[in-house]
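Because the structure is a prediction, the values reported are computed rather than measured. Just so it is clear: chains get the letters A, B, ... in the order the sequence lines come, proteins before strands, and each one is counted from 1. Below, each value reflects all heavy atoms present in this structure, side chains not excepted, and no hydrogens, waters or symmetry copies.
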Amino acid sequence: MKNTAITLAAFLLATGAAYAQTMPSDVVFEDGAVAQSLTGVAGDPANGRAVFKNRKKGNCLACHANADLASEQFHGEIGPPLDGVGDRYTEAELRGIIVNAKMVFEDTIMPAFYRVDGLNRVLEKFQGKTILTAQEVEDVVAYLMTLK
Amino acid sequence: MIRKALHAAVSLVLSGALALPLTAEEHISEILINEEIPITLRTEAPPFVEGLDEIMSGWLFRSEETQTLQLDDFDNPAFVFVDQGMDLFNKVEGTAGKSCAACHQDLSEFAGLRASLPRVEDGQVVTMEDLINECRVERMGAEPWKWSGTQMTSVNALISLQSRGMPVNVKIDGEARPFWEKGKELYYTRVGQLDLACANCHENNFGNMIRADRLSQGMINGFPTYRLKNAKLNSVQGRFKGCMKNIRATPYKEGSEEFKALELYLASRGNGLSVEAPSVRN
């Protein structure tokens, strides 16, 4: 009996969280910026930093140099260095760039990290999935805001 | 030491404009392999390559250590496979009781073949792999080889070697035109979860580091290529597959219409560079 109650409570919490999360097709852009948090849960900069350097997640260092991660070998040269990016952009603008950089930089090489529509020939195991989860996007944005 | 050896072995033909943040070696426009076979490393882009002014061999973008391995066949690890290719070439197989050598006594008859492939015949793109398997199946009565298996890449390397130093000169008009157009479309189409086209990396960003790799123009004049990363000879289409998987795209099949068209298109982008097979990359 008690077990059932706990399971039910956990279920409600989980679905509650799922409802609060904005689906990729529902993200609202205004001039390339996304004002509303994708999850309603404040981003965790420490996890954002981990996602940023993880080759299977953000892999942001593939294209961007970032002095805050000088301890990591090999920073890419394809995009601009991200030092001071928290000064150059607002949180809403950074969220827009991570969700779908094509909304900001036309024809950019930078992948859209929270998008599933309009892609071709996606490998089966990634089909219907975003590169980052909604919370990971929030965490990366929180991390970028610390790069002053 | 390596630097010294390299500079002694190459003929230092320096090119003019320094558009990119390249290392010193990357301004070399020609090397001599075995101190005698000249290889053109950079030249004016063919007029139909709209996105490039100059075409450049992948050799230019590799580290000095990797570059040096290609300068002498004794150092080039691909030659272990070329030797295996020679054994396979002389081996009798199939119901006709023949080896490749039974019909092709003189390997030098293949000079120029690699430089002109793929070509279009009877409405189909013909690659080196197709020609090799056509001989095996139709003339030897033997099993076809796997597209990127060691037997295929080794014999491909042996035959391609006969054209080393010759300028790539792939035909793109006449019957080839529709296939070339198809290949071009594939080259510029974004695919995969990362939503990238070949052109995003190899046309717009060559010379730039992508994490630990320096992007080249993705030229195929050096194939089959020995890669230090997997210590074997790699086929052109095997490389296409690898790049597609890296951007989380479902690759086309080796030998498919799509990859053959893409190979034809890519080969033509290198028209004017030298056949470098078997090249060494990382």
Side-chain angles (χ1 to χ4, degrees), chain A residues 24-25 52-66 69-82 97-133 136-137, chain B residues 19-23 26 50-51 61-63 182 185-218 229 237 240-254 256-259 261-262 282:
Chain A
S25 51
F52 185 101
K53 68 178 182 188
N54 184 329
R55 285 167 200 263
K56 296 215 152 81
K57 297 272 178 104
N59 197 18
C60 312
L61 288 176
C63 297
H64 295 282
N66 176 2
L69 285 165
S71 57
E72 292 285 307
Q73 253 189 314
F74 306 123
H75 294 203
E77 303 173 335
I78 293 176
L82 295 182
I97 293 172
I98 309 305
V99 168
N100 184 358
K102 291 183 187 77
M103 300 294 282
V104 183
F105 310 109
E106 206 184 335
D107 293 331
T108 186
I109 188 174
M110 179 163 157
F113 287 88
Y114 195 67
R115 177 189 181 194
V116 288
D117 296 332
L119 304 175
N120 299 313
R121 293 190 74 82
V122 175
L123 262 181
E124 207 177 318
K125 72 172 181 178
F126 298 108
Q127 272 169 24
K129 296 185 181 140
T130 54
I131 303 176
L132 298 181
T133 65
E136 284 166 347
V137 172
Chain B
L20 289 162
L22 302 176
T23 62
E26 288 163 343
E50 289 137 28
F61 300 90
R62 306 286 44 102
S63 71
K182 170 80 187 157
E185 186 192 318
L186 289 166
Y187 187 82
Y188 288 102
T189 302
R190 289 182 186 249
V191 290
Q193 194 190 36
L194 271 57
D195 203 25
L196 296 175
C198 315
N200 286 124
C201 288
H202 294 297
E203 186 169 278
N204 303 334
N205 278 291
F206 65 87
N208 287 332
M209 295 297 285
I210 183 161
R211 202 82 192 235
D213 262 324
R214 190 176 293 281
L215 284 168
S216 72
Q217 292 182 343
K229 192 173 167 182
Q237 295 188 17
F240 295 172
K241 239 170 103 171
C243 280
M244 287 188 78
K245 281 190 178 162
N246 284 343
I247 52 178
R248 301 184 176 177
T250 310
Y252 295 100
K253 293 214 159 42
E254 292 171 344
S256 64
E257 305 273 301
E258 289 87 356
F259 266 177
L262 188 58
N282 60 337

Practice problem: Assess whether side chain to side chain contact (heavy atoms under 4.5 Å, CB included) is satisfied between B:N204 and A:I109, documenting all intermediate values. | Solution: CA-CA 9 Å; B:N204 303 334; A:I109 188 174; over 6 Å; no
Self-check item: Interface moiety of A:E72 toward chain B, non-hydrogen atoms closer than 4.5 Å
Solution: side chain
Self-check item: Contacting moiety of A:K102, where chain B heavy atoms sit under 4.5 Å
Solution: side chain
Practice problem: Count the heavy atoms of every other residue, nucleotide or ligand shown that sit under 6.0 Å from CD of A:Q127, and state whether that count exceeds 12. | Solution: yes
Exercise. Work out which heavy atom in B:T250 is nearest to a heavy atom in A:V122; give both atom names and the distance.
Key: OG1-O, 3.2 Å
Quiz item: Given a strict heavy-atom distance threshold of 4.5 Å, which part of B:L215 is in contact with chain A: side chain, backbone, both, or neither?
Solution: side chain
Quiz item: B:L196, B:I247, B:D213: which one forms the most heavy-atom pairs within less than 4.5 Å of chain A?
Solution: B:L196
Exercise. Please confirm whether the backbone N or O of A:G76 pairs with a side-chain atom of B:N208, one donor and one acceptor, at under 3.5 Å?
Key: no
Quiz item: Does B:M209 offer a backbone N or O that forms a donor-acceptor pair with the side chain of A:E77 under 3.5 Å?
Solution: yes
Quiz item: Atom CG in B:L194, atom CE in A:M110: separation rounded to 0.5 Å?
Solution: 11.0 Å
Self-check item: Taking every non-hydrogen atom, the tightest pair across B:R211 and A:N59
Solution: NH1-OD1, 3.3 Å
Quiz item: Which atom names give the shortest non-hydrogen contact between A:R115 and B:D195, and what distance separates them?
Solution: NH1-OD2, 3.6 Å
Exercise. To the nearest 0.5 Å, tell me how far B:Q193 CD sits from A:L123 CG.
Key: 9.0 Å
Quiz item: Any sub-3.5 Å donor-acceptor pair from A:R121's side-chain atoms to B:A249's backbone N or O?
Solution: no
Quiz item: Is it the side chain or the backbone of B:N200 that comes within 4.5 Å of chain A heavy atoms, both, or neither?
Solution: both
Quiz item: Which heavy-atom pair separates B:R190 from A:T108 by the least distance, and what is that distance?
Solution: NH2-O, 3.0 Å
